[in-house]
Amino acid sequence: MQMHYHPNGAPIADQSTILVRTAETVARPALLLPIAHPGWMVDAPPMTIPAGEADVTHSFTIDLGSVIQYLYKDEAIGVGKPLLAHMAGVHMHTRGARASLVVQSGGNPEACLIDVPRWDFNWQGIYEFAAPITIEPTDSVRLECHFDNSAGDAPLKWGEGTEDEMCLGMVYVSTDSP
């Protein structure tokens, strides 16, 4: 679970609740992996979307083993082994136009995890595949986001507020075997 909190200048008590149930065992370990350029979040490099621009593209490519090692230092799952991708999603804000996540596998054709050709801020989620997609350790995942800031009077950058922007992918993966 992930939630945005954005300050609005007034102290407001958090009323969120969550109920979590865990199982004693699982068929195979799984992780939800966020995909984004780490530098965009600290403006190095900036994910700038200039004012007046109708099609600005930002993209990032990484292997999932690197994401796992960075986020889950003590987890060995998936590092150097095939993974099964079960679900994928993308996240942008109101200037998002289209986005995709694809698996790049050497000289082979790309495997599409998700392609959203007409982004709608009110239509977000993570989507389950009809059948899992195998991602080999030598494969990489490419996130690409397009933005339309043609009506904007100021440049945009990465930020938590709806008036800011994001280019974020999510992939739910498990080990290839129990």
Side-chain angles (χ1 to χ4, degrees), residues 1-4 18-47 55-93 96-121 123-147 158 160 165-178:
M1 184 182 132
Q2 191 269 350
M3 182 180 295
H4 284 6
I18 184 171
L19 177 63
V20 177
R21 182 177 68 188
T22 59
E24 291 292 324
T25 62
V26 295
R28 59 184 74 192
L31 301 169
L32 180 62
L33 303 177
I35 309 294
H37 191 304
W40 292 339
M41 296 163 229
V42 294
D43 214 26
M47 190 189 86
D55 188 14
V56 177
T57 304
H58 287 284
S59 62
F60 178 65
T61 303
I62 192 167
D63 67 278
L64 295 184
S66 293
V67 178
I68 293 168
Q69 286 179 321
Y70 179 75
L71 294 175
Y72 303 96
K73 294 177 181 17
D74 297 331
E75 296 291 329
I77 82 155
V79 178
K81 300 173 187 168
L83 293 169
L84 293 178
H86 300 273
M87 295 185 248
V90 289
H91 176 80
M92 298 184 291
H93 292 168
R98 66 184 190 269
S100 63
L101 266 172
V102 297
V103 177
Q104 298 174 324
S105 180
N108 298 328
E110 293 180 337
C112 179
L113 296 175
I114 190 166
D115 182 27
V116 181
R118 289 178 307 282
W119 177 255
D120 184 330
F121 180 71
W123 182 70
Q124 299 187 47
I126 189 163
Y127 300 93
E128 187 172 358
F129 308 143
I133 296 171
T134 301
I135 301 177
E136 298 293 339
T138 55
D139 295 348
S140 58
V141 174
R142 184 177 199 293
L143 168 66
E144 184 173 296
C145 299
H146 294 256
F147 301 91
W158 182 283
E160 297 286 327
E165 265 307 338
M166 288 187 172
C167 176
L168 176 65
M170 295 146 287
V171 183
Y172 182 75
V173 298
S174 72
T175 57
D176 191 22
S177 58

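Just so it is clear, the model here is predicted, and its values are computed rather than measured. Side chains included, hydrogens not; waters and symmetry mates left out as well; all remaining heavy atoms used.
Within a 6.0 Å sphere centred on OH of Tyr127, heavy atoms belonging to other residues, nucleotides or ligands number more than 12.
Screening Leu113, Leu143, Val90 for a side chain to side chain contact (heavy atoms under 4.5 Å, CB included) involving Ile35 leaves a single residue, Leu143.
The two atoms that bring Ala36 and Cys167 nearest to each other are CB-O, 3.6 Å, heavy atoms only. For the residue pair Phe129 and Ala88, the shortest heavy atom distance occurs at CZ-CB, 3.7 Å. Annotation for Pro34 and Leu71: closest pair CD-CD1, 3.3 Å, computed over non-hydrogen atoms. Nearest heavy-atom pair across Ala30 and Tyr172 is CB-OH, 3.3 Å.
We find the CG-OG distance between Leu101 and Ser59 to be 11.5 Å, quoted to the nearest 0.5 Å. Summarising the geometry, atom CG belonging to Leu31 is positioned 9.5 Å from atom OG1 belonging to Thr175; distances are rounded to the nearest 0.5 Å. Rounded to the nearest 0.5 angstrom, Leu168 CG and Gln124 CD are separated by 9.5 Å. Rounded to the nearest 0.5 Å, atoms CG (Leu64) and CD1 (Ile135) are 5.0 Å apart. The structure places CD of Glu136 at 7.0 Å from OG of Ser105, a figure rounded to the nearest 0.5 Å.
Counting heavy atoms from C-beta outward, Asp55 and Arg98 have side chains that approach closer than 4.5 Å. Within the 4.5 Å cutoff, the side chain of Leu83 has no heavy atoms near those of the Val171 side chain. Taking the side chain as every heavy atom from C-beta outward, His86 and Ser174 approach each other to under 4.5 Å.
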Practice task
Applying side chain to side chain contact (heavy atoms under 4.5 Å, CB included), run through Met47 and Phe147 and close with a yes or a no.
Solution key: CA-CA 11 Å; Met47 190 189 86; Phe147 301 91; 4.1 Å; yes
Exercise for the section: Check the pair Met166 / Glu160 against side chain to side chain contact (heavy atoms under 4.5 Å, CB included), numbers first and verdict last. Expected result: CA-CA 8 Å; Met166 288 187 172; Glu160 297 286 327; 3.7 Å; yes
Handout entry: Candidate pair Val141 and Asp63, rule side chain to side chain contact (heavy atoms under 4.5 Å, CB included), full reasoning
Key = CA-CA 6 Å; Val141 174; Asp63 67 278; over 6 Å; no
Handout entry: Audit row: Met92, Phe121, side chain to side chain contact (heavy atoms under 4.5 Å, CB included) steps and yes/no
Key = CA-CA 7 Å; Met92 298 184 291; Phe121 180 71; over 6 Å; no
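The backbone N or O of Gln104 sits nowhere less than 3.5 Å from a side-chain atom of Glu110 that would complete a donor-acceptor pair. Using modelled atom types, no side-chain atom of Glu144 and backbone atom of Thr57 make a donor-acceptor pair closer than 3.5 Å.
Ring pair Trp119/His91 is perpendicular by interplanar angle, where above 60° counts as perpendicular and below 30° as parallel. Between Phe60 and His37, the angle of the ring planes lies from 30° to 60°, which puts this pair in the tilted group.
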